[in-house]
Novice: 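Provided herewith is a single structure, encoded as structure tokens, for subsequent inquiry.
Both ligands and their constituent atoms are indexed starting at 1 by order of listing.
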Amino acid sequence: MHRFENKIALITGSSQGIGAACALRLAEEGCDIILNGHKFDERGEKLIADIKDLGRRVTFLEADLSKADAATKLVTDAIAVFGHLDILINNAGVEKKASFLEVTEEDYDLVMNTNLKGVFFCIQSFVNYCRASKVAGTVINMSSVHEEIAFPNFAAYCASKGGLKMLTRNLASELAPFNIRINNVAPGAISTPINQDLLNNKEQLEKVIQNIPLKRMGKVEDVSAVVAFLASDDAAYVTGSTYYVDGGLTYHYEEQ
Ligand code: NAI
Ligand code: BGC
């Protein structure tokens, strides 16, 4: 049985990494897909071919989600593509490494605007549509274990994901009367381009892995499986939650 038959999903920042895996997973389960990224390139082309091979409809919309008007427009454009939208996955995100005292306003703005402001206005645009069209929509935000635990040298990133934690808690209450569910997924350390420096540094990578109870980096498919659950009717009674996909990292503590 296909859980997403006749459903349409918009997945932001889906050219690569976790977003691309979410697009493929939902398409495998019958969903039509709107992809998004800053720029359409060969990664988007390949993903479109793969999703078409699965027998699904798919398109790619360019947008820079660090800007509120672009975020709002992306959602209205996505609705116009197939005339409908059921699922919004706010996946696009950036991180910038710097000690707190060295964070520039430019990097702070980039991180907060992409990870929090863009998400806020994508949701607002989607909710306006769901209310007007009586769609029981569902929203999934790609948060992080760092909505909860510290990550030294990534203060703005943690602030943005901490903001997403409360945005989701708050909107679960505000949107329930419209039959709209909203949840966060909080990945731990997943092998994607955002972690390229770590993946290239064998010694550091080993330390990270030793701190993860399941003793491995996460795969993008580990995350997309949970996203698919939350997007589906299997999660019909789940709203306002964060699902950790972290191999046990968040609540791990060991006496050395
Ligand atoms: P990634 O860097 O491969 O993917 C992020 C995607 O977002 C890229 O395709 C990028 O182009 C897109 N993006 C960034 N800014 C954008 C903007 N202004 N407009 C449109 N698209 C934009 O990294 P990954 O790992 O796939 O990250 C996806 C999400 O997962 C992010 O929100 C990240 O914070 C989150 N995450 C990742 C973890 C990991 O260990 N890989 C762990 C926890 C959370
Ligand atoms: C960050 C990754 C990091 C992971 C675990 C994610 O939010 O984007 O760089 O490896 O958290 O700390």
Novice: Considering heavy atoms of the protein only, find what lies nearest to atom 42 (C) of ligand 1 and give residue, atom and distance to 0.1 Å.
Specialist: Gly188 O, 2.8 Å

Novice: Without swapping roles, check the side chain of Arg25 against the backbone of Val227 for a donor-acceptor pair under 3.5 Å.
Specialist: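 No: the side chain of Arg25 does not pair with the backbone of Val227.
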
Novice: Out of all atoms in ligand 1, which are within 4.0 Å of some heavy atom of Met142? Include the element for each.
Specialist: 29 (C), 30 (O), 32 (O), 35 (C)

Novice: Atom NZ of Lys96 and atom CG of Asn153: how far apart are they, to the nearest 0.5 Å?
Specialist: 14.5 Å

Novice: What residue and heavy atom of the protein are closest to atom 23 (O) of ligand 1, and at what distance?
Specialist: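 In this structure, atom 23 (O) of ligand 1 has Ile194 CB, 3.4 Å as its nearest protein heavy atom.
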
Novice: Looking only at heavy atoms of Ser143, does any of them come nearer than 4.0 Å to an atom of ligand 1?
Specialist: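 Ser143: in contact with ligand 1 (<4.0 Å).
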
Novice: Does the residue Ala63 have a heavy-atom contact with ligand 1, meaning some pair of atoms that are separated by less than 4.0 Å?
Specialist: yes

Novice: I'd like to check the side chain to side chain contact (heavy atoms under 4.5 Å, CB included) partners of Ala155; sequence neighbours left out, ordered by chain and number.
Specialist: Phe100

Novice: Output the list of atoms in ligand 2 that are nearer than 4.0 Å to some heavy atom of Glu95, sorted by atom number.
Specialist: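 Heavy-atom distances to Glu95 below 4.0 Å select 1 (C), 2 (C), 8 (O), 9 (O).
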
Novice: Hey, is atom 33 (C) of ligand 1 touched by any protein heavy atom at less than 4.0 Å?
Specialist: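 Yes, there is a protein heavy atom closer to it than 4.0 Å.
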
Novice: Looking at Asn195, which atoms of ligand 2 are within less than 4.0 Å of one of its heavy atoms?
Specialist: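 In order of number, 2 (C), 3 (C), 9 (O), 10 (O).
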
Novice: Who pairs with Glu105 by side chain to side chain contact (heavy atoms under 4.5 Å, CB included), at least two apart in sequence or on another chain?
Specialist: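 By the side chain to side chain contact (heavy atoms under 4.5 Å, CB included) rule, Glu105 matches Asp109.
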
Novice: Number the atoms of ligand 1 from 1 as they appear, then name those within less than 4.0 Å of a heavy atom of Asn195, with their elements.
Specialist: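 Here the atoms of ligand 1 in question are 39 (C), 40 (O), 41 (N).
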
Novice: What's the shortest distance from atom 37 (C) of ligand 1 to any protein heavy atom, and which residue and atom give it?
Specialist: Ile18 CD1, 3.8 Å

Novice: Could you state the interatomic distance from CG (Leu164) to OG1 (Thr168), rounded to the nearest 0.5 Å?
Specialist: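 OG1 of Thr168 is found 6.0 Å from CG of Leu164.
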
Novice: Using heavy atoms and a 4.0 Å limit, tell me yes or no: is Thr12 in contact with ligand 1?
Specialist: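 Outside the 4.0 Å threshold, so no.
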
Novice: Could you tell me if any non-hydrogen atom of Lys161 lies under 4.0 Å from any atom of ligand 1?
Specialist: yes

Novice: Is it the case that Glu148 and Thr250 place a side-chain donor and acceptor less than 3.5 Å from each other?
Specialist: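 No - no donor-acceptor pair under 3.5 Å links their side chains.
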
Novice: To the nearest 0.5 Å, what is the distance between OG1 on Thr114 and CG on Asp64?
Specialist: 6.5 Å

Novice: Counting from 1, what ligand 1 atoms have a heavy atom of Ala189 closer than 4.0 Å?
Specialist: 40 (O)

Novice: Around atom 6 (C) of ligand 1, find the nearest protein heavy atom and jot down its residue, atom name and distance.
Specialist: Gly13 O, 3.5 Å

Novice: Quick check on contacts: which atoms of ligand 2 are under 4.0 angstrom from a heavy atom of His146?
Specialist: 4 (C), 5 (C), 6 (C), 7 (O), 11 (O), 12 (O)

Novice: Looking only at protein heavy atoms, identify the closest one to atom 18 (N) of ligand 1 and say how far it is in Å.
Specialist: Asp64 OD1, 2.9 Å

Novice: What protein heavy atom lies closest to atom 8 (C) of ligand 1? Include the residue and the distance to one decimal.
Specialist: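 Nearest neighbour among protein heavy atoms for atom 8 (C) of ligand 1, to 0.1 Å: Gln16 NE2, 4.0 Å.
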
